[in-house]
Amino acid sequence: MDAYELITRNATEVVTEEEVRALAEDPEGKRVYVGYEPSGVLHIGHMLTATKLIDLQEAGFEVVVLLADVHAYLNDKGTFAEIRETAERMRDQFLAYGLDPDATEFVYGSSFQLDEEYVLDTHELEVSTTLNRAQRAMAEIQGGETAKVSHVVYPLMQALDIVYLDLDLAVGGLDQRKVHMLHREQVPGMDGESDHDYEARPCLHTPILADLDTGVGKMSSSSGTTISMEDSADDIDDKINGAFCPPTRDPEPDDDGNERENPVLEMFEYSVFPRFDTVVVERPEQYGGDLTYDDYASLADDLESGELHPADAKGALADYLNELIAPGREVLAELDAE
RNA sequence: CCGGGUUUAGCUCAGCCUGGUAGAGCAGCCGACUGUAGAUCGGCUUGCCCCCCGUUCAAAUCGGGGAACCCGGACCA
């Protein structure tokens, strides 16, 4: 697999291909980031972007993980002290998940976002950005709540973070795309208070997993079923077993006409195969014995043809997810024991 | 600052006028059927009715006070 392929695999959107191809020519030492609001326990959505970061490390990138404490504060996630505490737990879990400690820099947002230059730049963006624009950028992140002033400042700061962290590439879930587009449109026109480079950076967007139980919409960490670092092996078995999984890549819409995905296949594609060269599906002799797959496509083909039964696929998915989660689960147990 | 509206199950809401300690839809859970899930059947759970005070034998319901949120007006002479 060449560098560009590795950098962009499983990405639903690359903005722009040309710019990322240029990075792929010499990825060594280039800087990429993802920003996360601190959260006590990583869920599979966090892990999905982390999987992409691991790809990028493999390609030679330096990874910056922004522990966005100020953003979490703006999004009403608790007192600043509480947020800082969960941020530390989050860092440990990312390392347990497989980020290379020598190639990963963890940065607290508050370590630079309160500097005078940064604050003035934020105000410059406030002047140049319409309320509508900022609100639209935030809509996906914000959820159903009524917009607060903090909600429109939030995406402006994200646009600036990419500048202040001296990045070459920004990564995020597809829900971050409007924020990234705001960065690309607004930042290049800035006067800017600092010595950083105010050029627009390319962006890479990872998929958003479908809801585990229905295949409709996106998996939510706040409601419904999600896979997280604190799940026991049994929890994962139960959750995966309950997942929506028709024997097809492309399920029919539900009765209300909502598009549906196959979340079991999505997790194989986006979480399991990027981290394991081969996947063994253990299967009782009566159903034909074990199956081995080297890539996602052949597994999905077998599910569609009926060669691989969904129940067996689920068993294998649960095992591999458990393997990915186990180190983080141990870290959490140690932290909680203190 | 002024005015109007809203607040009841996880969600959307009905009930309030005409007091008798709560309902629907959706969601969720459990079973049956499928070697998974879904669909389909069958069954089940859930409530500081925003808070406080009062009236009453009895308050989600009436009266008073307060809170949160939504919307609007005014201020710009």
Side-chain angles (χ1 to χ4, degrees), chain A residues 39 41 43-45 74-79 131-132 134-136 138-152 154 207-228 231-273 279-293 296 298-323 325:
Chain A
S39 148
V41 178
H43 58 70
I44 194 148
L74 288 171
N75 208 12
D76 200 20
K77 292 297 168 62
T79 67
L131 254 189
N132 262 339
Q135 228 173 315
R136 276 193 297 130
M138 191 59 189
E140 291 280 332
I141 301 163
Q142 182 191 332
E145 294 298 303
T146 305
K148 301 289 202 309
V149 173
S150 60
H151 286 136
V152 295
Y154 187 112
I208 302 293
L209 294 175
D211 180 84
L212 198 56
D213 292 323
T214 66
V216 176
K218 61 181 194 179
M219 190 187 288
S220 168
S221 51
S222 53
S223 66
T225 305
T226 190
I227 304 291
S228 86
D231 285 336
S232 69
D234 283 347
D235 291 337
I236 295 172
D237 282 343
D238 288 346
K239 287 177 178 182
I240 297 302
N241 181 44
F244 177 66
C245 186
T248 172
R249 286 176 166 96
D250 190 21
E252 295 293 311
D254 70 10
D255 293 341
D256 298 325
N258 299 310
E259 288 298 322
R260 285 192 288 194
E261 303 298 330
N262 185 323
V264 170
L265 283 181
E266 285 186 328
M267 283 188 276
F268 267 116
E269 183 173 19
Y270 303 134
S271 296
V272 174
F273 277 102
V279 168
V280 176
V281 176
E282 291 177 16
R283 199 165 61 165
E285 282 306 322
Q286 83 180 103
Y287 295 126
D290 295 357
L291 291 166
T292 301
Y293 297 99
Y296 165 72
S298 52
L299 182 146
D301 285 345
D302 273 7
L303 188 82
E304 292 193 322
S305 73
E307 172 64 24
L308 172 61
H309 191 277
D312 296 322
K314 283 180 172 181
L317 177 61
D319 289 344
Y320 282 95
L321 288 179
N322 185 54
E323 196 170 325
I325 282 165

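Order of the sequence lines fixes the chain letters, A, B, ..., with proteins taken first and strands second; residue numbering starts at 1 for each chain.
- Spacing between atom CG of A:Asp213 and atom P of B:G28 amounts to 7 Å, rounded to whole angstrom units.
- Counting only heavy atoms from C-beta outward, the side chains of A:Leu299 and A:Leu265 approach each other to under 4.5 Å.
- Atom pair A:Leu317:CG and B:A37:P shows a separation of 15 Å (rounding to whole Å applied).
- A:Lys314 has its NZ atom 8 Å from the P atom of B:G38, to the nearest Å.
- Counting only heavy atoms from C-beta outward, the side chains of A:Pro263 and A:Asp211 never approach each other to under 4.5 Å.
- The C1' atoms of B:U6 and B:A14 are separated by 15 Å, rounded to the nearest whole Å.
- Side-chain atoms of A:Tyr154 do not come within 3.5 Å of backbone N or O of A:Ala134 as any donor-acceptor pair.
- B:U36 is unpaired under the Watson-Crick or G-U wobble criterion, no partner having all donor-acceptor distances under 3.5 Å.
- Distance noted for atom C1' between B:A9 and B:G47: 5 Å (whole Å).
- Pairing for B:C44 is with B:G28, a Watson-Crick or G-U wobble pair whose two hydrogen-bonding atom distances lie under 3.5 Å.
- Between the side chains of A:Asn258 and A:Asp254, at least one donor N or O sits under 3.5 Å from an acceptor N or O.
- Across all strands, A:Pro247 comes closer than 4.0 Å to base atoms (heavy-atom distances).
- No engagement by A:Asp254 is indicated, since no non-hydrogen atom pair under 4.0 Å with the nucleic acid exists.
- As a whole-Å value, the separation of A:Glu282 CD from B:U36 P is 20 Å.
- A gap of 22 Å separates the P atoms of B:U34 and B:C29, to the nearest Å.
- Nearest-nucleotide mapping onto RNA chain B: of A:Arg283 and A:Arg260, the residue sitting toward the 5' end is A:Arg283.
- Between the C1' atoms of B:U45 and B:C26, the separation comes to 15 Å (whole Å).
- Neither side chain, A:Asp301 nor A:Ser298, offers a donor N or O lying under 3.5 Å from an acceptor on the other.
- In this structure, A:Tyr287 packs face-to-face on the six-membered ring of B:G35, meeting both the 5.5 Å centre cutoff and the 30° plane limit.
- Searching all strands for a Watson-Crick or G-U wobble partner of B:C76 with both distances below 3.5 Å returns nothing.
- In this structure, A:Asp238 atom CG and B:U36 atom C1' are separated by 13 Å, rounded to whole Å.
- For the C1' atoms, the distance from B:C16 to B:U61 is 4 Å, rounded to whole Å.
- In this entry B:U61 has no Watson-Crick or G-U wobble partner, no candidate having both defining distances under 3.5 Å.
- Of all nucleotides present, only B:C13 satisfies the Watson-Crick or G-U wobble test against B:G23, with each distance under 3.5 Å.
- Spacing between atom CG of A:Asp211 and atom C1' of B:G38 amounts to 12 Å, rounded to whole angstrom units.
- With P as the reference atom, B:U46 and B:A22 are 12 Å apart, rounded to whole Å.
- Distance noted for atom C1' between B:C71 and B:U8: 22 Å (whole Å).
- The nucleotide B:C69 finds its pairing partner in B:G5, both defining distances of the Watson-Crick or G-U wobble pair being shorter than 3.5 Å.
- Here the C1' atom of nucleotide B:A39 and the CG atom of A:Asn258 are 15 Å apart, to the nearest Å.
- Atom pair A:Phe244:CZ and B:A27:C1' shows a separation of 17 Å (rounding to whole Å applied).
- Ring pair A:Tyr296/A:Phe273 is perpendicular by interplanar angle, where above 60° counts as perpendicular and below 30° as parallel.
- Comparing the C1' positions of B:C53 and B:A67 gives an interatomic distance of 15 Å, to the nearest angstrom.
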